[in-house]
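Structure first, commentary second.
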Amino acid sequence: MEMITLNQEYVKDFLKAQELEALMKKANEMNHTLEQRTGKGAEFLGWVSQPTMITQDQIKQIKDIAGRLRSMSEVLVVIGIGGSYLGSKATIEALSPFFTQKNVIYAGIHLNELYLSQLLEYIENKEFVLCVISKSGTTLEPAVAFRELRGLAYKKYGLKAKDRIVAITNPRKGNLLTLAKKEGYTTLSIPDDIGGRYSIFTPAGLLPIAYAGIDIEKLIDGARVMQIHSTAENKGNIAEQYAALRNALYMNGYNLEILSTYSAQLEYVQRWWQQLYGESEGKEGKGIFPAVAQFTTDLHSLGQFIQQGPRNLFETVLFDQHKPRLITVQSEPEDFDGLNYLTGRSVAEINQKAFEGTVKAHVQGGVPNIVVELPVINEFILGQVFYFFMRACGISGYILGVNPFDQPGVEFYKQNMFKLLGKPGF
Ligand code: PA5
């Protein structure tokens with residue numbers, strides 16, 4: 001069975017063996033706490049066992065709804081922000097060809113007027129369906145976008161518009177649930193005990209992914225395998241290892257982590273990771289700042305800083321080891337561009353050497369590197385990646401001593417904004 005692995009070769013020399021051993025012990029304890037639901041934010045731990053708990057009926061329901069939506073449309077507009085869109089976007093971007101027109105597009109991800117007006121124009125003459133996702137049902141960005149988009153849907157399809165709208169929200173309360181019930185939209189739930197950034201394996205992530213034609217069963221299979229691997233009983237599993245390593249580094253002054261990749265299709269996996277770790281850990285004056293970099297592109301922008309800037313940063317590299325040999329360098333009779341030394345090598349092999357050379361250079365420059373090795377990028381492996389990072393995040397947040405499942409700081413800008421906008425009650 002293909003599994004992701006964690007390579008510690010480029011980090012171990014930065015840490016004292018005893019220190020790491022103590023943190024590995026702590027990581028295992030915290031993993032137990034997560035499983036027994038006795039730590040902070042225990043009411044939000046539904047995601048821990050979700051891959052093994054999700055039923056065939058639930059999967060079928062999601063696939064059926066996605067199939068129905070596909071049969072009546074050319075494009076699905078997903079309306080949601082933060083954890084309500086990043087999981088599906090990460091998966092769809094990672095598994096779709098680079099140069100095809102996407103059939104899943106996103107709205108409500110910011111307050112960009114130009115974007116929204118151009119989106120309305122773009123879909124006006126297309127057959128479209130809407131999937132609005134908001135666990136609270138009150139978030140401003142998706143709510144504003146949804147008001148506009150559903151206006152267009154009613155204008156175009158009349159009362160039949162209701163069959164083209166799916167609402168994914170919490171099962172009990174909120175403006176979105178009230179509206180969906182009143183209008184008769186199909187509704188699906190994000191369980192009460194699963195927070196937005198941990199919701200990729202709920203309908204919030206799975207419905208848009210299924211609409212895009214991606215095999216959600218394989219994705220869940222990958223997550224299930226990683227859930228079983230990550231139990232505290234399996235002491236020293238890779239989720240515990242990653243949590244222990246990053247906390248050991250943090251204790252030694254490394255307070256900025258760069259998640260880097262050499263695979264452009266993983267850009268939104270990086271963004272998903274960034275939200276997961278940023279919102280879960282950055283609180284009470286603590287936390288590792290989560291940054292991202294795309295290599296080799298950013299070796300030509302951030303490479304200098306990483307190599308020789310302040311020594312408070314470490315890297316976690318997501319590296320895809322698959323070498324499909326789709327393009328190999330051909331020999332030319334006259335070696336004008338000086339590339340004949342690469343004859344017979346594929347672009348992926350050259351990318352691999354860029355990775356090996358960069359890791360060595362960064363380590364020599366004083367930047368520890370943790371490497372997460374992906375044998376290939378497919379549904380099964382991505383399911384593992386998502387679950388691995390979520391599990392490690394829960395453990396890591398507990399080691400840090402914070403509640404990894406709330407985000408109280410996000411409210412501050414909202415309070416000011418609502419006051420400025422004159423929202424009743426603010
Ligand atoms: O992780 C979280 O809980 C947040 O990032 C939310 O996903 C985000 O703020 C969107 O919230 P909601 O789904 O309630 O609109």
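One-based numbering, in listed order, for ligands and for the atoms of each.
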Are any of the N/O atoms in G83 less than 3.5 Å from those in ligand 1?
-> yes
Taking only heavy atoms of Q407 into account, list the atoms of ligand 1 that are under 4.0 Å away from them.
-> 3 (O)
Which value, rounded to the nearest 0.5 Å, describes the distance between I62 atom CD1 and L188 atom CG?
-> 6.5 Å
Which pair of non-hydrogen atoms, one from P404 and one from Y398, has the smallest distance, and what is that distance?
-> CD-CE2, 3.5 Å
Looking at E279, which atoms of ligand 1 are within less than 4.0 Å of one of its heavy atoms?
-> 1 (O), 2 (C), 4 (C), 5 (O)
Could you verify whether a donor N or O on one side chain and an acceptor N or O on the other, from Y157 and E127, lie under 3.5 Å apart?
-> yes
How close does the nearest protein non-hydrogen atom get to atom 11 (O) of ligand 1, and which residue and atom is it?
-> T139 OG1, 3.5 Å
Got a sec, which pairs hit salt bridge (charged side-chain N to carboxylate O under 4.0 Å, His left out) with one end in residues 201-227, sequence neighbours left out?
-> K63-E217, D215-K218, D221-R224
What is the nearest protein non-hydrogen atom to atom 10 (C) of ligand 1, stated with its residue, atom name and distance?
-> I81 O, 3.3 Å
Which residue holds the protein heavy atom closest to atom 5 (O) of ligand 1, what is that atom called, and what is the gap in Å?
-> Q275 NE2, 2.5 Å
How far is atom 1 (O) of ligand 1 from its nearest protein heavy atom, and which residue and atom name does that atom have?
-> R197 N, 2.9 Å
Report the nearest protein non-hydrogen atom to atom 3 (O) of ligand 1: residue, atom name, distance rounded to 0.1 Å.
-> G196 N, 3.4 Å
Under the side-chain hydrogen bond (donor to acceptor under 3.5 Å, both in side chains) rule, what do E257 and T316 come out as? Steps first, then yes or no, please.
-> CA-CA 7 Å; E257 177 176 12; T316 296; 2.6 Å; yes
Would you call R271-E93 a salt bridge at under 4.0 Å N-O?
-> no
Which residue, K286, R197, R246, forms the salt bridge (charged side-chain N to carboxylate O under 4.0 Å, His left out) with E281?
-> R246
A student checking ligand 1 against S134 at a 4.0 Å heavy-atom cut-off should list atoms 12 (P), 13 (O), 14 (O), 15 (O)
